[in-house]
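Notes follow once the structure below has been shown.
Heavy atoms only: backbone and side chains are in, while hydrogens, waters and symmetry mates are out. What you see is a predicted model, and the numbers here were worked out from it, not measured in a lab. Each chain gets a letter, A, B and so on, in the order its sequence line appears, and its residues count up from 1.
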Amino acid sequence: MPILPDALDEARRIIAAGAEQKLTLRLLGGLAIKMHSPSANHRALVRTYPDLDFAFAGKAGYKIEALLPPLGYEANQAFNLFNGAHRLLFYDTGNERQVDVFVGSFHMCHDLPITERIALDPLTLPLAELLLTKLQIVQMNEKDIRDICALLLDHPFGESDDETINLKRVTEVCAGDWGLWKTVNVSLVKVQEFCDAYDLDVPSKLTIIERINVLRLALGDVPKTVRWKVRAAVGEKLQWYDLPEEVKRG
Amino acid sequence: MSTSTLFLRKATGLVRSWSVFDAFIYAFFSINLVTLGFYIISQMWFLNGAIIPMLILSAVFILAEVVVYAGLIAVMPRAGGDYVWQSRILGGGIGFVLAVTGWWFILWLWTPLYADMLRHIFFVPLLGILGLQSAAIWFAWQPNAWMLVCVLMSVFVTIVIAMGMKTYATVQKFCFWVGNAGLLICCLFLLFGNNQAFQAGLEANATKLFGAAPGVYAATMAAGQAAGGVTPLMGVDIAAIFLGMPYLVFFNLWPNWGATLYGEVKGADDFRRNFTGMAWALIATTVLAVIFFLLVAKTIGWDFLTNANAAYWSYRWDTTGKVAAPPLDIWPYPALLAMFLTTNPILQFIVVLAMSMWFFGWAGTIFLSSTRVIFAAAFDRLLPEAVATIEPRTRTPIWALALMVIPGLIVSALYVYNVPIGGTGFASLTLASTLVIAVTYLGSTIAAILLPFTKKDLYEASPIAKYKIAGIPLISVMGTIFGLFLVFLLYEWIIDPNGLYGISYKNTASVIFMAAMYLLAVVIYVVAKLVRKSQGVDLNLVYKEIPVE
């Protein structure tokens, strides 16, 4: 079957093809948020989706390298050769999209344990992890803000993962890593500032702001680990994040 | 109104495997004081050039090299380094031949040299300290032991590289801190010790651990003087200092050794970062070397070290059978000599083991940089595609490593057993290991000089375009300085009017070995072009494109 033009349909096809080979792949990024958040289609939050990002639970990235080319994808061989232990990159030249696969771990501005609970949702990472993958970004772009707004607008914080953002999970992960905690707090302020400019109705904006406040309060209250406290003592004197770089195609 | 800013990021980015600090450590280890430095300076016992001014003056020229390479990396931060730059600026044929000879073939010759250093700073001293005197002496002198070390080292390097860049960086970092801690302890012993204590320690330890005859200090001094050990530590004879450099650069010409890896280093398109990492490695190494040798002079005595080196190498290089065995029956490893200031075997063992981390953190440099050149040539389809593949489960670049390790072991056998070629022994080729790479560097240096003029668009769009001296691009000015330095080195090695380096055109083995390598590279290039042409691939078009990341 050729690659499907609709990105969501294509993501489902890839996940299903992986499942047939017992490979647990889950969507993350903007498309994953779109799957859960109807508000992503709101005119104020709508965006394009040039790439499909997946998390792969295993360490055997070579199995993904074997899975995707028969589905119609062209591997970036040089990139995969050098980075394949943690990341894989494929192209869908027909639809001008790319597929990114995080293999066994997620290391961007911060490390996130995204594969521990990967199977909770049949198609995407759990909402808590989805939110964290966005909030850990130091150099946010417009799309990131829109994704976070859509996710917060449609999902309350709660104790479970069923169309709810698991507050305990978000705060627990942040409580172990001061750098992540710091970036998430900065990102929340940023989202609050920018969402005000979007063409959303007032109740929607208030909902987003209220949920941002819920999370900020919880981040402040959560008991911190020793590692968090030690790193906090050093503070901003030492850079607390990595900056991912663009990958040029040639 | 928002006070925050948003960024323009097109797609999901990538955090590259190595930090700038990892690249610094790689550069620092590539000009490794304890392995390359101690080893080659020990072979310079017959030269009249003073070591400390030579270290400083050569570092000034090599700083120009750092500017050239930091600039080239910033313009094209691609895996493959010299191969990519030369093939895109000078042309495919020149780029391929110079890159594969300098980054691939000649590394085969480095295999026995690395192994020689390993046995002398790891096996021999540690076995001696453990009381295994005969095993220590076996490793010190027997070709079979040396060959065994070649094999063990190749296995170790293969494993370290197969573990991937992140793990490599972790191993390297561990070795960096432990190795430097070991060096600090050696320096403290030298600082607080004195020559009398050293003479007593040498007498006690050398006789006990390595079976030296009593009176080893005086006997070593006499043997060294008889052999002609003269190298001074300080001095102002500029001509003699320059004539020592073709030897010394075996040690410090390589702060750019990570150049082929910069596709995997964070922020590699930042000229200042690249420059800082390599320049600090060069400066730190030079300062460390100066401090260490001054401390050696203070406590061990520079004359003693020079004479011990003279006694050792004059015996080892002797082909007449007339030179007597050195009184100290092992390579005079300065760190071990420093630890002779104590007779506590546990302390000696710990410090010498810590000092061996200088080897283990550096060992991977023999093949790691080379694999990237092989990959880049394979991506350009000058080598079979299979060469740029990995064993999927372990992610080991088995083909690239096989192309390094197997010929490396063959060349090791030729070197270790000193097989004669054209009447000269293979073991005389030590400095050929440096010459061939210097030729490759000269190619990249010429490419760097020409870059602003022949690839104007690429240069103007790069972060180095703003750096100029009197209106002339900085990379061209520094390229000219470093290029002239390389031409001087090549003249001395190849013509060798004073008969100092042993690899001139008069050495048949040297000529045959190097000619064979260049011929092999040309043959591979011509065959690849013909094969690809028959497949409808025009390699000339490949060289018009900058490789993908």
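Within the model, atoms OG of B:Ser17 and CZ of A:Arg87 stand 11.0 Å from one another, a figure rounded to the nearest 0.5 Å.
Residue B:Lys266 touches chain A through both its backbone and its side chain, counting heavy-atom pairs closer than 4.5 Å. For chain B, the nearby part of A:Phe102 is the side chain; its heavy atoms alone come within less than 4.5 Å. Using a 4.5 Å cut-off between heavy atoms, A:Asp196 makes no contact with chain B at all.
The neighbour count for A:Gln192 CD, taken as heavy atoms of other residues, nucleotides or ligands under 6.0 Å away, is above 12. Within 6.0 Å of atom CZ in B:Phe174, 12 or fewer heavy atoms from other residues, nucleotides or ligands are found, so the atom counts as exposed in its surroundings. The environment of A:Trp178 atom CH2 is dense: over 12 non-hydrogen atoms of other residues, nucleotides or ligands sit within 6.0 angstrom. When the shell of 6.0 Å around CD of B:Glu460 is examined, it contains more than 12 heavy atoms from other residues, nucleotides or ligands. Counting non-hydrogen atoms of neighbouring residues, nucleotides and ligands closer than 6.0 angstrom, the CZ atom of B:Arg532 exceeds 12 such neighbours. In this structure, B:Asp457 places its CG atom where only 12 or fewer heavy-atom neighbours from other residues, nucleotides or ligands lie under 6.0 Å away.
Using a 4.5 Å heavy-atom cut-off against chain A, the contacting residues of residues 372-380 of chain B are B:Arg372, B:Phe375, B:Phe379.
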Please tabulate, for side-chain N and O atoms in residues 52-72 of chain A, each donor-acceptor pair with protein atoms closer than 3.5 Å (sequence neighbours left out).
residue	atom	partner	partner atom	Å
A:Asp53	OD1	B:Thr12	OG1	3.2
A:Asp53	OD2	B:Thr12	OG1	3.1
A:Tyr62	OH	B:Arg393	NH1	2.9
A:Glu65	OE2	B:Arg395	NH1	3.4

Discussion item. Assess the residue pair A:His86 and B:Lys166 against the criterion (side chain to side chain contact (heavy atoms under 4.5 Å, CB included)); give the C-alpha distance rounded to whole Å, side-chain angles, the decisive distance to 0.1 Å, and a yes or no.
Written reply: CA-CA 10 Å; A:His86 307 283; B:Lys166 279 194 175 174; 3.8 Å; yes
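Taking all atoms of both residues into account, the shortest heavy-atom contact from A:Leu81 to B:Ala388 is CD1-O, 3.4 Å.
Options B:Thr389, B:Ile390, B:Val15 differ in how many heavy-atom pairs under 4.5 Å they form with chain A, and the most are formed by B:Val15.
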